[in-house]
Structures are given as structure tokens and as C-alpha cells.
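Below is one structure, written out as C-alpha cells; comments come after it.
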Amino acid sequence: MLKIEFKNGDQREYPEGITLLQVAEEISTKMAKNAVVAVFNGELADLNTRVQEDGSLEIIGFEDERARSVYRHSSAHVLAQAVKRLWPDTKLAIGPSIDKGFYYDFDSSHTFTPDDFKLIEDEMNKIIDADYPIIRKELNRDDALKFFAERNEVYKVELIEELPEEAVISVYQQGEFVDLCAGPHVPSTGRLKVIKLTSLAGAYWRGSEDNKMLQRIYGTSFPQKAMLDDYLHKLEEAKKRDHRRLGRELGLFVVLEEGPGFPFFLPKGMIIRNELEKFWREEHRKAGYHEIRTPIILSRDLWEKSGHWEHYKENMYFTKIDEQDYAIKPMNCPGGMLVYKQNLHSYRELPLRTAEMGLVHRHELSGVLHGLMRVRAFTQDDAHIFMLPEQIIDEIKGVIDLVDRFYSLFGFTYHVELSTKPEKAMGSDEIWEMATKALARALEEKGLDYKVNEGDGAFYGPKIDFHLRDSLDRTWQCGTIQLDFLMPEKFDLTYIGEDGGKHRPVMLHRVIYGSIERFIGILTEHFGGAFPTWLAPVQVRILPITERQHDYGRKVLRELENEDIRVEIDDRSEKVGYKIREGQMQRIPYLLIVGDREAEQGSVAVRHRKQGDLGPRPLQEFKVMIKEEIAGKVI
RNA sequence: GCCGAUGUGGCUCAGUGGCAGAGCAGCUGAUUCGUAAUCAGCAGGUCGCCGGUUCGAAUCCGGCCAUCGGCUCCA
């Protein structure tokens, strides 16, 4: 007999060889029915596993993230089985679970289209209805290679060949279908209930541009239809928050065919932008920065010196002036270097923090452009901090604090990554290691969790990246802090030290918003267009009920204008319900309805875009309230 | 850049070989109304662009451009 301990502390004895699913059934049939996978001795295990040793057991269902991932992974296998049935010459690549579903990559002579989804889903449902047990088998390397080679599964063969010598090679079988897989899986195909294929995409084998492009089919799955409906509904809602759509609907910004990747900012979008910049300038002044502006076009020599010519050429635009080569700046740093060099600097001046709202242009591949999130011209809220080596950690920590101050103000949650030396980088490994360690130390001293992103640093230095989420949960890098020992070297930057001699400063490149454009994109989606009042392009709209109140309405308008509140009046001859609807759709924070009663009492009937009708109150009172809200940058 | 899909009025979309349509928005007029759409009328289109097939192309074919979803790449 074996002893099994459960999560609640209970211990029970079972005969050797019992499956984990049978154990679950003995405890509760309901639990067994909802079970997806087991956690045995802390490791995920198939419910079909026969127990051979004492251990702790936890049975988890779809509500557990680990189980959800197994459920989707099994769904991917069913997708592959269906595709193999329908197009037998298809070769299988990989099929993992992902955040909200799964995908499988195929190499097939058939080109999949969305019209195939119905057919594939029907076949998947047949496989689910057949309730094939999903059986794990372990093979030795030679047998596994032979097995997949015979079936012409060249990608599987490649995967096996690259598995480490000691790796256990397992396959999972369901009906006629066998796939190389570490597992675990649900015990049988019937455990899957509702599946839906969602999209198609090309994807390079092993994620490398040099390899063949495979066809990826994305899907998702749930144990209940209602959960799928809920998911699809949320997706629809998220699409309504898409900044490209809201940008147009609210008259904020637009990207046109005439300028792919070059966004236009409309009057209302400019208000948001200018408010963000105003806040930025205030905060940076307080944090000891001084602002500069460097040219958009600078000579080729400069870019050769900085290393951009060698390392960043494919992303740059060029022009000729009087037969001389010039480049449109893709980064602000070289210009910032030249500014530093205009004077001799004493160690007493350091850290020297120079900030620049710099418009940069980068040639991005056409396929990556995405509204304001990924463009070819954007404004970085850049700064270059020149400092003594012993100031590095404190300066990095100062920037981290500033990022947090900004992001918290908008109620953003963010995650942090540390990107290390890329393939095409300048400088020695020693310098890179020193710089990377400094960034890591600053993060650790701040107690921030971070993920290491190997090889993703800038060509001149490692970086800390701050990522924000859009409405569809895609993450975008916004803030970044990059430590650079190389540019100061290349530009021969110096300061006069205490000893009277020349020394080399260290430099930090950093942005908080990242790009104003991207940040506004994220902001728009985050707030669903309902910007906090301090940012809202129109903060108040006055809605007279009839023409009789137009004079009073205009008086209210003037009074609010005198307080620098962005206010307008809707004096069209429409019913108040119509005006309210339009005001709501424009996400205007406050609609002030003025009728005879208000005109008589000098009051306004306040309607908040989220809280609805707040009732009448004296205009003075409203003024005080909204001014406080704006000054406090309340979200 | 690569894979797939899409492109019809400002917006959302119908039209799949035979006279370019609807709703919303816009304009004009009427209406003067109390918390999410008042009524009527008018105007608005090189059907992404270029070429081909055809008596005839928004519709079929080819090329290009842009957009969308991914991949790769990055703020």
C-alpha cells in the first residue's frame, strides 16, 4: 500500500498502481469529473499516471492556471489530429498552449484559410466525442527517431535530435494520433468540451527568419460554452477600446495611407499630448533635469562616430544636403553628446541630467506598424544623464522612482525586464557585464521583480525595460533605462575630477513615457477613451435644454473658461437626451444640463460620465470640485 | 520583410458580370423638449491604385499600395 497526502493534510492509503484519476474518484466524483491534471509531489502529472510511490497529491481543474495550460495543450493535440486526418501529408511542428488558448504550427501543401475552420472544428469535435484515452509512452532515442522518421515528421526528428542525452523522450497517443510531447495531458479527449479556432498566421520554424515559414492555427478551448461566450464577448469589448478606433471616434489622432507609420495628431489629441508634456516638464524640473533640443538631421560623420552607421543603418533614413550625406536621427543620444561637449564639465556638476523631447524616425518593417503603438516617427521623452561611476546605482534608482511616479499616476501596472548584450553589440564583455550587474543591483535594491531578456539590449548597452499592456493584453515597451559606457568613450567625453585631471563620465539613456505616441495609445486603451479630467480634451460640456437658457449657458461657459477649464456649449436645437448621448459617447467627464430651474438659481445639473446624474448644485460648488479634481490629477 | 485576410461616401456595412445602395454622421427646414438617438428634405462615391479578360467589371484575373491578425524585429 502507498500513502498519499492531500492538500488539506489528510492522508490515505491506496494499492500500488492505482491511477491518480482513480484516487480522485475515490475522494469525490465531482472533483474527478472536473479534474484536468494532477500535481504529484509538486510536479504536474497525468491523471492516468499509475502511482508507484508515496507522495503528496493535488488535483487541479480548469480554474487553476497550470491546469488551464494543460487543457489547452491537449486541445492543440486534438487540432493536430484533426488536421492530420483532413490533410494527411501535413507535417507537425510544435503546438503549445499560450496565454488564452493554444496554437499548432503546420507545414502543409494545403494553404489553410478561415473557411477551413468549420471543417477542422467538426473533426476536432468528432475526436472529442470519441473520447480517446490519451496515453503516455516513453521511448528510447533510437525508437523515437525511427518512429517519427518513418512518418516523415521531419520537425519532430529535428526536435528529438536536439534533446539532451539524458532527456526522457515521451510520446502521447490518442486514437491513431501520436505526438512527441513532454506532457502532461488530460486523461482523454472527451475531457475537452468547447473548442474554437480563432486565427491563422505565418510563423517561422523555431522562430527564426532564416527558416521555413509554417502555417500557425490559433484556437482556444473551455470546459463550458458560457465561458467561451464570455471570452468572445470580452474580446469584442476590448476591440471597442482599440486606440485606433477611439482615436478616430474621439478626434484624437489618425494614421493615413498617405503616411504609413506617421501619425497625425488632431486638435483634441494635441490637448492630451500637451498636457502630458506639461506634466513631464514639471516633474523633470523638480527631478533636476534641464531640457535641450537637438536637430532632426545631422551629418553622416556623427552617425559613423556613434556607431549607428554600423549598427543601426537598416533602421535609418538618409538624405543629401549639398552633396553631403546626412541622416534623420533615429535616436537622440549623439546630439546629446555634442551638447555635453560644448563645455568643460567639473565633477561638481555631475550627475548632469539633460532631457529632450526628441522626434526620431526609424524605418520599421511595414508588417509591424500598429496605430500609435508602432510607428516610424515618434517623440521620445529622452534624457541623458552624465555621472560619476559611483553615482550609477543612485541615478538608476532615481529613474526607477520617476517611472513609478508617472505610471502610478495613470493607474498602470507594469512589468520589468532586464535586457542583456545582443549579438551585434559594441564593446567588450567585461564592460557589458559590469553595466548589466549595475542595472540588476539597482532593481534588486528597489525590490522590483524582473525577467531577464537575454540578448535584447541596445547595441551600446544593457537596459531595464518597463512594459505596459494594451486592451488585448499585448505588452509594449514604454520606459527604458540604458546604461552606457561606450558612447562617452566614442565621443571622448570628459569631466575634470577632484584631482584636476580629465576623467570619463558614465552615461544613462532613459525614457519614461518611452514614446509619447505609444504612451497615448496605451493611455487611450487603458481608459477606454475616458481620460482623467486633467487630460480630457473637453472637460465640461454645457447642455441648455431650450433656447431660453442659451444666455445663461454662455454665462456658465465664460465663468468656467475664466478658470482655464476646457468647456464648450451644445446649443443645437436638439432634445437634451440626444445631447447627453453625444456627450457620453465623446466620454466628456462632465455634462452640465441647464434648464429654467438652473438659470433661475445660478446652478447646474451635473452629469458625470460614469456616475450619471449627480443632481443640481451651485455653479460655484461645481467649479471648486472640478478644479480640485484637475489639480489633483485624479483618475 | 514574411504568412493569411481585408479594402465600396466622414463612419459601419450591403451589393459577386448588366443604371452604385442603406443606416449613422453632415447640411437645410420644422420642432423648444429635463438625463443615452424628434421629424422631414437635401447633398455626398475615380467602388484603394495600375493593368488585363469581357459587348459590359465594384464584382473575374495579375501586379502594386495600405490596413488587420500573427511571425520576425523594436519605444
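Quantities reported herein were computed from a predicted structural model and do not represent experimental measurements. In what follows, chains are A, B, ... by sequence order, proteins preceding strands, each numbered from 1.
Below 30°, between 30° and 60°, or above 60°: for Phe410(A) and Tyr513(A) the angle between ring planes is between 30° and 60°, a tilted geometry. Aromatic ring orientation, Phe466(A) versus Tyr407(A): perpendicular (interplanar angle above 60°, classes split at 30° and 60°). In this pair, Phe106(A) and Tyr104(A) present their aromatic rings parallel. The plane angle is below 30°, not in the 30 to 60° band. Between His243(A) and His370(A), the ring planes lie tilted relative to each other; the angle falls in the 30° to 60° range. Ring geometry, Phe265(A) versus Phe253(A): the interplanar angle falls from 30° to 60°, so the pair is classed tilted. The aromatic rings of Tyr317(A) and Phe262(A) lie tilted to each other, with the angle between the two planes from 30° to 60°.
For G56(B), there is no paired base (Watson-Crick or G-U wobble, both distances below 3.5 Å). With a cut-off of 3.5 Å on both pairing distances, the Watson-Crick or G-U wobble partner of U38(B) is A30(B). Of all nucleotides present, none satisfies the Watson-Crick or G-U wobble test against G44(B) with each distance under 3.5 Å. The partner of C49(B) is G63(B), judged by Watson-Crick or G-U wobble contacts that both fall below 3.5 Å. Base pairing of A22(B): its partner is U12(B), meeting the Watson-Crick or G-U wobble criterion (both donor-acceptor distances under 3.5 Å).
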Under 3.5 Å between N/O atoms: give me all the protein pairs with nucleotides 8-11 of chain B, atom names plus distance.
none

Just the atom pairs and distances: protein N or O near nucleotides 38-45 of chain B's N or O, under 3.5 Å.
unit_1 : atom_1 : unit_2    : atom_2 : d
U38(B) : O4     : Glu574(A) : OE1    : 3.4

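Between C47(B) and A22(B), the two C1' atoms lie 15 Å apart (nearest whole Å). Taking atom P in both G23(B) and A14(B), the straight-line distance is 16 Å, to the nearest Å. Distance check on atom C1': G7(B) versus U59(B) gives 14 Å, rounded to whole Å. Comparing U8(B) with G44(B), their C1' atoms sit 14 Å apart, to the nearest whole Å. Nucleotides G56(B) and A20(B) place their C1' atoms 15 Å apart, quoted to the nearest Å. Distance noted for atom C1' between U46(B) and G9(B): 13 Å (whole Å). Annotation: G18(B) and U31(B) have their P atoms spaced 47 Å apart (nearest Å). When the P atom is compared between U16(B) and U72(B), the two are found 40 Å apart, to the nearest whole Å.
If you measure from atom CG of Asp570(A) to atom P of A37(B), you get 14 Å, rounded to the nearest angstrom. Between Gln215(A) atom CD and C2(B) atom P there is a gap of 16 Å when expressed in whole angstrom units. Rounded to a whole Å, the CD atom of Glu257(A) is 17 Å from the P atom of U6(B).
Here the side chain of Arg474(A) is nearest to one of G70(B), G34(B), A36(B), namely G70(B). Picking from A75(B), G69(B), G34(B) the nucleotide with the shortest atom distance to the side chain of Ser199(A) gives G69(B). Of the candidates C65(B), A75(B), G26(B), the closest approach to any side-chain atom of Arg572(A) belongs to G26(B). Which of C74(B), G34(B), G70(B) sits closest to the side chain of Val576(A) comes down to G34(B). When distances are taken from the side chain of Arg244(A) to each of C68(B), C65(B), G1(B), the shortest belongs to C68(B). The side chain of Glu598(A) sits closest to G34(B) out of G34(B), A75(B), G1(B).
Sorted by first and then second residue, the salt bridge (charged side-chain N to carboxylate O under 4.0 Å, His left out) pairs involving residues 100-122 of chain A (not counting sequence neighbours) are Lys100(A)-Asp473(A), Asp105(A)-Arg216(A), Asp107(A)-Lys212(A), Lys118(A)-Asp122(A). For residues 370-381 of chain A, the set of pairs meeting the salt bridge (charged side-chain N to carboxylate O under 4.0 Å, His left out) definition, not counting sequence neighbours, comprises Glu364(A)-Arg374(A).
Arg362(A) contributes no side-chain N or O that forms a donor-acceptor pair with the base of C73(B) under 3.5 Å. No hydrogens or angles were tested; on distance alone, nothing pairs the side chain of Tyr204(A) with the base of G70(B) as donor and acceptor under 3.5 Å. Side-chain atoms of Glu364(A) and base atoms of G1(B) include no donor and acceptor less than 3.5 Å apart.
Residue contacts for Tyr218(A): at a heavy-atom cut-off of 4.0 Å it reaches the sugar-phosphate backbone alone, with no base atom in range. Asp596(A) comes within 4.0 angstrom of a nucleotide base, judged by non-hydrogen atoms across all strands. Heavy atoms of Val255(A) sit nowhere under 4.0 angstrom from any nucleic acid atom. Lys212(A) comes within 4.0 angstrom of no nucleic acid atom, judged by non-hydrogen atoms across all strands. Note on Ala203(A): only backbone sugar-phosphate atoms sit closer than 4.0 angstrom, heavy atoms only; bases stay farther off. The residue Gly207(A) sits close only to the backbone: its heavy atoms come under 4.0 Å of sugar-phosphate atoms, none of a base.
In this model, the phosphate group of A75(B) is approached by a side-chain N or O of Gln482(A) to a distance below 4.0 Å at OP1 or OP2. Contact annotation: Arg216(A) does not reach the phosphate of G69(B) (side-chain N/O to OP1 or OP2, under 4.0 Å). Dashed line: the shortest gap from a side-chain N or O of Gln477(A) to OP1 or OP2 of A75(B) is under 4.0 Å. Contact annotation: His467(A) side-chain N/O to A75(B) OP1/OP2 distance is not under 4.0 Å.
Residues Asp242(A) and Glu525(A) are in side-chain contact: their nearest non-hydrogen atoms beyond the backbone lie under 4.5 Å apart.
When each of Leu200(A) and Leu214(A) is assigned the nucleotide of RNA chain B bearing its nearest heavy atom, the one mapping closer to the 5' terminus is Leu214(A). Each of Leu256(A) and Trp476(A) has a nearest nucleotide on RNA chain B; the 5'-most of these lies closest to Leu256(A).
Ring centers of Tyr218(A) and Phe102(A): at least 6.0 Å apart, outside the cut-off. Within the 6.0 Å centre-distance limit, the rings of Phe222(A) and Tyr231(A) are counted as a close aromatic pair. The aromatic ring centres of His110(A) and Phe112(A) sit less than 6.0 Å apart. No close placement of the His415(A) and Tyr450(A) rings is indicated, their centers lying 6.0 Å or farther apart.
Listed by residue number, the members of residues 544-554 of chain A with any heavy atom below 4.0 angstrom from RNA chain B are Ile545(A), Thr546(A), Glu547(A), Arg548(A). Against RNA chain B, the stretch residues 95-113 of chain A makes heavy-atom approaches under 4.0 Å through Thr111(A).
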- Applying ring-ring contact (aromatic ring centres under 6.0 Å, His included), run through His608(A) and Tyr590(A) and close with a yes or a no. CA-CA 5 Å; His608(A) 184 266; Tyr590(A) 292 99; 5.2 Å; yes
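When Arg548(A), Arg554(A), Lys555(A) are each tested for a salt bridge (Lys or Arg N to Asp or Glu O under 4.0 Å) with Asp551(A), only one passes: Arg554(A).
The closest donor-acceptor contact from the side chain of Glu517(A) to the backbone of Phe378(A) lies at 3.5 Å or more, if one exists at all. Formation of a donor-acceptor pair under 3.5 Å by the Trp280(A) side chain with backbone atoms of Ile512(A) is not found in this model.
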